[in-house]
Structures are given as structure tokens and as C-alpha cells.
Amino acid sequence: MLPQRMKKAVTDNPKKLANLIDLVNLPPTLRDFVGQSQTSRLTCFMRVWSYVKTNNLQDPNNKNMVNCDEKLKGILLGKPRVELAELPALIKLHFLKEPNLFTSHKKFSCEVAVAWEAGKPLVIEEVEVAPPQAGEVRLKILFTSLCHTDVYFWEAKGQTPLFPRIFGHEAGGIVESVGEGVTHLKPGDKALPVFTGECGECPHCKSEESNMCDLLRINTDRGVMLNDNKSRFSINGEPINHFVGTSTFSEYTVVHAGCVAKINPEAPLDKVCILSCGICTGLGATVNVAKPKPGSSVAIFGLGAVGLAAAEGARISCASRIIGVDLVSSRFELAKKFGVNEFVNLKVD
């Protein structure tokens with residue numbers, strides 16, 4: 001939190017906010033405050049307040065904002081369950097009639113973890129992210145997980161290496177801007193990127209038995225966008241390859257609109273981000289592929305995230321015996337919560 005004298009100085013005189021921002025090393029624009037979770041709520045409020053004052057949005061004759069100060073103060077200081085990273089979306093949702101006030105269709109830079117070579121440590125770089133083209137979405141990534149698939153392709157074992165590259169595919173974020181023709185998403189929506197998308201038109205998308213979309217099925221060899229066969233990432237004009245159409249090891253990423261799933265605005269992104277890969281992989285393998293009958297027996301090899309999701313699928317399918325097989329006995333206790341009722345340790349049994 002800020003010292004009392006600074007709080008009072010800013011409250012009494014908003015012109016002093018610029019000096020305060022310099023002191024705490026915070027970018028002055030509202031866009032840059034997206035995701036700054038280390039910032040105090042009071043500081044966030046003051047930054048938004050400065051933006052409001054600077055743009056004359058508090059003027060009652062300004063159609064974009066109504067009674068901004070008190071309402072913003074109520075959200076920022078009086079609603080502890082709100083994640084700081086979600087505040088811009090809330091502000092836009094509740095107070096703004098101008099849909100693109102907090103969004104941009106310009107190229108900008110952000111921090112990205114770039115894999116320059118196979119097996120070499122990722123490097124945090126300033127990377128330019130282009131705006132979304134027709135049928136694309138730019139996401140602000142707030143949470144991302146590490147999946148073994150990322151590691152496998154980073155190690156470049158068993159496939160054609162493609163570097164430099166931005167890995168990551170299991171994540172959650174907020175829609176920052178949308179390209180032409182995108183109607184099912186809007187800036188501020190909570191969303192998950194998915195590596196196997198849906199065009200909605202091909203035979204696979206219209207089938208209940210398959211999700212291997214002709215257009216948007218997973219392609220680990222492609223490092224560019226479908227729209228123009230170009231990357232949306234670059235450093236000094238040199239392109240950086242995408243990964244499975246998601247590339248979530250970045251503060252911002254551009255994905256095909258068919259690879260973005262809008263989710264409940266109340267969903268906690270730090271929890272549901274794994275739905276975009278690990279959970280749907282395990283749960284889907286059980287419910288949509290194995291399709292166990294009620295009362296049947298199911299064996300699950302490996303009780304990591306995917307295995308536990310598979311166990312949950314067996315549980316909701318009403319399997320009677322759900323056998324967890326693993327080499328680590330300490331995983332068995334947690335697995336019970338997902339319906340596993342028998343255990344086998346291959347090292348011991």
C-alpha cells in the first residue's frame with residue numbers, strides 16, 4: 001500500500017498522480033494496468049481516476065461515463081473478490097458505452113517467454129504483437145499452465161524442430177480486441193484458448209463423434225496464422241513462430257476466433273485455465289471415447305492432472321470400479337476425491 005501522505009496528495013490533487021506513478025514505477029495508461037496484480041487496490045483506483053479525469057469522462061454531459069468516481073471506488077475498494085486483472089473488463093462492462101475505449105487495434109509490445117533453440121532455457125523478450133486480422137482474437141493472458149506437450153516440443157524430440165517459438169496452450173485470459181467478422185466474442189469477455197478449434201461448418205464440427213475440425217484441428221508443424229500465413233509475433237521485424245495456434249507464454253496472444261471459448265464471467269481464471277487442455281483431455285477421453293457403462297470397471301494409468309480428469313469422467317459415468325495405477329503412492333489420497341476407489345502401485349504390487 002502507499003504511504004498516507006501520498007494517498008492524501010493524490011486524493012486532494014489528481015495532478016500529482018503523474019509523480020506518484022513515477023515513484024512506484026507504474027505505467028500511466030489504463031491498458032498497462034491490466035494484469036498488474038501486485039498493485040494495491042487504492043493505487044488501481046487512483047490510476048483509473050486519473051484516466052477518467054484526463055479524458056473528461058466524469059463530465060455528466062459525457063455519454064461514455066456516468067458518476068464514475070464513486071462507482072469505481074465501490075468496485076475497486078469494496079469488492080474484495082474481484083481480481084485486479086479483471087477490473088478493466090468490469091469497468092468497461094458497467095460504465096462504458098464506447099466499446100473500444102479500453103482496446104486497441106494497433107501493434108504493441110509485451111513480455112514473452114521465447115524458445116530460441118531446442119532444449120535451451122526460455123528467454124523473456126520484448127515482442128511486438130500485431131492486431132487481430134479478420135476472424136482472429138487478441139487475448140490478454142492472465143494465467144497459463146505448463147503442459148508436458150510444451151516440454152516435448154521444446155525438447156524437439158520426435159518431430160521437426162521449429163524455432164524461435166512461443167510455447168504454451170493451457171491458459172485463461174480476457175479478450176482484448178477482435179478482428180473483423182468476429183461476433184461471438186467482445187472485448188472484456190473471459191475466455192480460454194483451445195488448440196483444437198471449431199469452424200462450425202465442416203463434417204467433423206457437425207458430428208457428435210468427432211471434434212477434429214478440418215480447418216482448426218491441432219497442427220504442431222504450423223507456426224503462422226491461417227488467415228495470411230504470417231506470424232503475429234515479431235522482434236525487430238523478424239517473425240517468431242506460434243505454437244498450436246495458441247502461444248500462451250505471452251502477455252498477449254493472437255488466435256483464430258474458432259479457437260477461443262467464452263466462459264462464465266464469474267469463473268476464476270487461475271482455476272479454470274487447465275480446462276483448455278488437461279481437464280478436457282482426461283474427461284473427454286473417458287466420457288466421449290471410452291464411454292463406460294454404469295457399473296463397469298475402469299483402469300486409469302497415471303494419476304496426474306489428465307488421469308484425475310479421466311477418473312472424474314469415470315465417476316460421473318457411474319463406473320463401479322475405478323482403478324488408479326501409478327508409481328507414486330502419495331497420489332492415491334487425492335485421487336479418492338475424483339472417484340478412484342482401488343489403487344495399484346506397479347513398483348510395489
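Since this is a predicted model, take the numbers as computed values, not measurements. All residue numbers in this chain count up from 1 along the given sequence.
- Between the side chain of S317 and the backbone N or O of K293 there is no donor-acceptor pair closer than 3.5 Å.
- Rounding to the nearest 0.5 angstrom, the gap separating the CD1 atom in I300 from the CD atom in E312 is 10.0 Å.
- For the pair V137/P132, no side-chain contact is recorded, criterion being any heavy-atom separation below 4.5 Å from C-beta on.
- A donor-acceptor contact shorter than 3.5 Å links the side chain of E251 to the backbone of E111.
- Counting non-hydrogen atoms of other residues, nucleotides and ligands closer than 6.0 Å to CG of N264 gives a total above 12.
- Panel note: side chain T281, backbone C277; a donor-acceptor pair is recorded below 3.5 Å.
- Closest non-hydrogen pair, S145 versus D150, comes out as O-OD2, 4.2 Å.
- Annotation: side chain of E342 is in contact with side chain of R321 (closest heavy-atom distance under 4.5 Å).
- Looking only at distances, no side-chain donor or acceptor of K262 sits under 3.5 Å from a matching main-chain atom of H184.
- M225 is not listed as a side-chain neighbour of Q133, based on a closest heavy-atom distance of 4.5 Å or more.
- Summarising the geometry, atom CG belonging to D189 is positioned 9.5 Å from atom CD1 belonging to I174; distances are rounded to the nearest 0.5 Å.
- At distances below 3.5 Å, at least one donor-acceptor pair connects side-chain atoms of R217 with backbone N or O atoms of M212.
- I274 and I316 are members of different hydrophobic clusters when ILVMFWY side chains are connected at heavy-atom separations under 4.5 Å.
- Between E170 and C273, the shortest heavy-atom distance links the atoms CG-O, 3.6 Å.
- When all heavy atoms of V340 and I322 are compared, the pair lying nearest together is CG1-O, 3.4 Å.
- Here E126 pairs with nothing under the salt bridge (Lys or Arg N to Asp or Glu O under 4.0 Å) rule; sequence neighbours left out.
- Judged purely by atom type and a 3.5 angstrom limit, S320 uses its side chain to pair as donor or acceptor with the backbone of G295.
- Nearest heavy atom pair, residue P292 against residue V298, reads CB-CG2, 3.8 Å.
- Taking 4.0 Å as the cut-off between side-chain N and carboxylate O, E176 and R138 count as a salt-bridged pair.
- In this structure, L275 and I263 have side chains that are not in contact, with every pair of non-hydrogen atoms separated by 4.5 Å or more.
- Between the NE2 atom in H242 and the CZ atom in R232 there is a gap of 6.5 Å [rounded to 0.5 Å].
- In this structure, V194 and V260 approach most closely via the heavy-atom pair CG2-N, 4.3 Å.
- For the pair K120/F163, no side-chain contact is recorded, criterion being any heavy-atom separation below 4.5 Å from C-beta on.
- F195 pairs by the ring-ring contact (aromatic ring centres under 6.0 Å, His included) definition with H169, not counting sequence neighbours.
- Under a hydrophobic-cluster definition in which Ile, Leu, Val, Met, Phe, Trp and Tyr are linked whenever side-chain heavy atoms come within less than 4.5 Å, directly or via other members, L216 and L192 are assigned to different clusters.
- If you chain together hydrophobic residues whose side chains sit under 4.5 Å apart, V244 and F153 fall into the same group.
- Screening F249, F243, F233 against F167 for a ring-ring contact (aromatic ring centres under 6.0 Å, His included) leaves a single residue, F243.
- In this structure a side-chain-to-backbone donor-acceptor pair under 3.5 Å is missing from S231 to N241.
- Both L185 and V255 are part of a single hydrophobic cluster, where members link through side-chain heavy atoms under 4.5 Å apart.
- For the atom pair CG of D326 and CZ of R331, the computed distance is 4.5 Å after rounding to the nearest 0.5 Å.
- Listed for the T286 side chain is no donor-acceptor partner under 3.5 Å among the backbone atoms of G313.
- Looking at heavy atoms from C-beta onward, V325 lies in side-chain contact with L346 at the 4.5 angstrom threshold.
- Nearest heavy atom pair, residue S247 against residue S250, reads O-CB, 3.9 Å.
- Both I235 and V112 are assigned to one and the same hydrophobic cluster, defined by single-linkage of ILVMFWY side chains at heavy-atom distances under 4.5 Å.
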